[in-house]
Amino acid sequence: GRRTGDLQGQPDYTRCMAGTSAAAPLVAGATALVLQARPELSWRDLRLVLAESARQNDPDDGDWRSNAAGYQINHKYGFGLVDVQAAVDLAKTWTPVPAMQTHAAPDAGQPVNADIPDADGSSLEREIAVSGSGIGFIEWVDIEFTSDHSYMGDLTIILISPTGTESRLAERHLCRAADCTSAITGEGGVWSWRFGSARHLGEAADGTWRLRVTDTATTAANPGRGKWVSWRLVIRGH
């Protein structure tokens, strides 16, 4: 934020504290209070304490969903508004999580090598079956997506868990920077995106995961098209 001069007699107040510039120090302060109550909690515990104690804000927003573990999730608001008092109270009785388990599916990536339909209303979807992961409570999912599409801003990418929870990883957006075209991003024009998703918090890892890719636009000025080369999941939890 910045000083605005004399704001209602308070020269150190500002009207401009918003966005991530405000969110980061506010949540850092909340985290400090939680750690003051329970200094031994790990960063993994802190994430869960904040998620479980959050309050649903803007309840009329149409994006709110309940995932299979019962967490309220929203692409705009995450798990909701940080409730500092509730987080501190929860931390005092919190049982620390066990050691983290990691499951990569598959280790080297799942090959696809198929053309992404070029803005014809259809999608390209593939599955990865996860079994024997030992993860009954997901904490985080990493997704690696590789393509040679010539204009990545055209793509909508959605991850769907075995229980049907959807996580919107990418949406159509303008790509003005040079690195938004495949021609310069990798050998043979192949580029890779890495996404992370917390929307599957508390769900079990085993089952069939799906990734749906849609090319949402094509014009004379932007005839972007290409292949979906491969993808990979790395699931972390306990």
Shared hydrophobic cluster for Ile128 and Ile235 (ILVMFWY, side-chain gaps under 4.5 Å): yes

With Thr102 via side-chain hydrogen bond (donor to acceptor under 3.5 Å, both in side chains) - residues at least two apart: none

Those residues that, when tested against Ser230, pass side-chain hydrogen bond (donor to acceptor under 3.5 Å, both in side chains) (two or more places apart): none

Minimum heavy-atom distance Tyr151-His173, with the two atoms named: CE2-O, 4.2 Å

Side-chain donor or acceptor of Ser42 paired with backbone N/O of Asp45 under 3.5 Å: yes

Residues forming a salt bridge (charged side-chain N to carboxylate O under 4.0 Å, His left out) with Asp142, sequence neighbours excluded: Arg194, Arg236

N/O donor-acceptor pair under 3.5 Å between Thr216 side chain and Asp154 backbone: yes

Non-hydrogen side-chain atoms of Val213 and Phe145 separated by less than 4.5 Å: yes

4.5 Å side-chain heavy-atom contact, Val130 and Thr208: no

Pair listing, salt bridge (charged side-chain N to carboxylate O under 4.0 Å, His left out) test, anchored in residues 20-37, at least two apart: none

Short side-chain donor-acceptor distance under 3.5 Å, Asp206 and Ser131: no

Heavy atoms of other groups near Glu40 CD, more than 12 under 6.0 Å: yes

ILVMFWY cluster membership beyond Ile160 - transitive side-chain contacts under 4.5 angstrom: Ile158

Flag, side chain of Arg232 to backbone of Pro106, donor-acceptor distance under 3.5 Å: yes

Intermediate values then yes/no, side-chain contact (heavy atoms from CB on, under 4.5 Å), Arg126 and Arg212: CA-CA 7 Å; Arg126 289 294 185 269; Arg212 181 183 301 145; over 6 Å; no

Under 4.5 Å side-chain linkage, directly or through intermediates, the cluster mates of Ile73: Val27, Leu33, Val34, Leu35, Leu41, Leu46, Leu48, Val49, Leu50, Tyr71, Phe79, Val82, Val84, Val88, Leu90, Trp94, Val97, Phe137, Leu201

Interatomic spacing from CZ in Arg65 to CD in Gln72 - rounded to 0.5 Å: 10.0 Å

Heavy-atom closest pair, residues Gly80 and Ala54: C-CB, 4.2 Å

Pairs satisfying salt bridge (charged side-chain N to carboxylate O under 4.0 Å, His left out), at least one member in residues 78-90, at least two apart: Arg55-Asp83

Partner set under salt bridge (charged side-chain N to carboxylate O under 4.0 Å, His left out) for Asp115, not counting sequence neighbours: Lys227

Heavy-atom side-chain proximity of Ser53 to Gln85 below 4.5 angstrom: no

Residue pair Val229 / Val112, side-chain heavy-atom distance below 4.5 Å: no

Contacts of type salt bridge (charged side-chain N to carboxylate O under 4.0 Å, His left out), residue Glu171, not counting sequence neighbours: Arg168

Nearest atoms (heavy-atom pairs only) where Glu203 meets Ser161: OE1-OG, 3.0 Å

Validation row: Arg44, Glu139 side chains within 4.5 angstrom (heavy atoms): yes

Trp193-Leu211 co-clustered via ILVMFWY side chain contacts under 4.5 Å: yes

CZ on Arg47 to OG1 on Thr31, rounded to 0.5 Å: 11.5 Å

Donor-acceptor contact present, side-chain Trp64 to main-chain Gln56, <3.5 Å: no

side-chain hydrogen bond (donor to acceptor under 3.5 Å, both in side chains) involving Asp61 - partner list, sequence neighbours excluded: Asn74, Lys76

CA sep, side-chain torsions, deciding dist, call: Thr146, Val190, side-chain contact (heavy atoms from CB on, under 4.5 Å): CA-CA 7 Å; Thr146 305; Val190 174; 3.2 Å; yes

Main-chain N/O of Asp215 paired with Arg172 side-chain donor or acceptor, under 3.5 Å: no

Minimal non-hydrogen separation, Ala99 against His238, with atom names: O-CB, 3.9 Å

In one Ile/Leu/Val/Met/Phe/Trp/Tyr side-chain cluster, 4.5 Å: Trp231, Phe195: yes

Test salt bridge (charged side-chain N to carboxylate O under 4.0 Å, His left out) applied to Arg199 - qualifying residues, sequence neighbours left out: none

Pair His200, Asn67: side-chain N/O donor-acceptor within cut-off below 3.5 Å: no

Trp191 vs His149, side-chain contact (heavy atoms from CB on, under 4.5 Å): CA-CA, chis, key distance, verdict: CA-CA 8 Å; Trp191 50 267; His149 196 280; 4.0 Å; yes

Validation row: Trp140, Ser197 side chains within 4.5 angstrom (heavy atoms): no

Straight-line distance of Glu144 CD to Ser192 OG, nearest 0.5 Å: 6.0 Å

For the student: nearest non-hydrogen atoms of Ser123 and Thr214, plus distance: OG-OG1, 2.5 Å

Taking every non-hydrogen atom, the tightest pair across Ala205 and Pro162: O-CG, 4.1 Å

Check: Arg225 main-chain N/O paired with Ser150 side-chain donor or acceptor under 3.5 Å: yes

Pairwise side-chain contact, Pro117 with Leu124, heavy-atom cut-off 4.5 Å (strictly under): yes

With sequence neighbours excluded, residues passing side-chain hydrogen bond (donor to acceptor under 3.5 Å, both in side chains) with Glu127: none

Side-chain heavy atoms of Val234 within contact of His103, under 4.5 Å: no

Gap separating the CD1 atom of Ile157 from the OG atom of Ser167, nearest 0.5 angstrom: 11.0 Å

